[in-house]
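These notes concern the structure reproduced below.
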Amino acid sequence: MTETEAAFDRDETPDKDVQRRATRHLLAVLAEKVPGHAVEVRVPPYGAIQCGEGPRHTRGTPPNVVETDPVTWLLMATGRLTFADGYAQGKVSASGNRADLSDWLPV
């Protein structure tokens, strides 16, 4: 069990250092699991990746963007919150026709 999962099991929020490390790691896992450049997943302030097959963007705002806070990302990446529920609760912003991570989460 990771530090992140242990904190969630105790109904606690992981500390900032754990959030940073876990966020970056799980973003890297998603990028490896779903290679490509069609969707940009942003978890400020800790990281952003591109993943998913489809058209690649090279400049400006990409057409498919998902953005959320670190705690919501960690909950979704570990299977404690679905992408649909995070989006419905307003914790996830998603734009573009490829910006649904449901098929790829949890990582």
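Counting heavy atoms from C-beta on, the side chains of Met76 and Val92 come closer than 4.5 Å. Residues Leu26 and Thr78 are in side-chain contact: their nearest non-hydrogen atoms beyond the backbone lie under 4.5 Å apart. The shortest distance between side-chain heavy atoms of Gln19 and Val71 falls below 4.5 Å. Asn64 places none of its side-chain heavy atoms less than 4.5 Å from the side chain of Ser95. The shortest distance between side-chain heavy atoms of Val66 and Phe83 falls below 4.5 Å.
Within the structure, the salt bridge (Lys or Arg N to Asp or Glu O under 4.0 Å) test picks out the following pairs touching residues 42-51 (sequence neighbours left out): Glu40-Arg42, Arg42-Glu67. Counting only residues at least two apart or on different chains, the salt bridge (Lys or Arg N to Asp or Glu O under 4.0 Å) pairs with a member in residues 18-28 are Glu3-Arg21, Asp17-Arg20, Asp17-Arg21.
The nearest pair of heavy atoms linking Ala99 to Ala94 is O-CB, 3.4 Å. Closest non-hydrogen pair, Pro44 versus Pro70, comes out as O-CD, 3.5 Å. Pro106 and Gly79 get closest at one heavy-atom pair: CB-N, 3.4 Å. Here the shortest heavy-atom pairing between Ser102 and Ala84 reads OG-N, 4.3 Å.
Both Val107 and Trp104 are part of a single hydrophobic cluster, where members link through side-chain heavy atoms under 4.5 Å apart.
Residue Leu81 holds its CG atom at 14.5 Å from OH of Tyr87, rounded to the nearest 0.5 Å. Atom OG1 of Thr4 sits about 12.0 Å away from atom CD of Glu12, to the nearest 0.5 Å. Interatomic distance, SG of Cys51 versus CD of Glu32, reported as 12.5 Å (0.5 Å rounding). Here the CG-OH distance, from Leu27 to Tyr46, works out to 12.5 Å after rounding to the nearest 0.5 Å. Between the NZ atom of Lys91 and the CG atom of Asp69 there is a distance of 7.5 Å, given to the nearest 0.5 Å. A distance of 11.0 Å separates CZ of Arg10 from OG1 of Thr13, quoted to the nearest 0.5 Å.
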Taking it one step at a time, do Glu53 and Arg98 satisfy side-chain contact (heavy atoms from CB on, under 4.5 Å)? CA-CA 9 Å; Glu53 292 182 8; Arg98 298 176 191 267; 5.7 Å; no

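Annotation: Lys16, atom NZ; neighbour count of heavy atoms from other residues, nucleotides and ligands within 6.0 Å does not exceed 12.
No donor-acceptor pair closer than 3.5 Å links the side chain of Gln89 to the backbone N or O of Gly86.
With sequence neighbours excluded, the residues forming a side-chain hydrogen bond (donor to acceptor under 3.5 Å, both in side chains) with Thr82 are Asp85, listed by chain and number.
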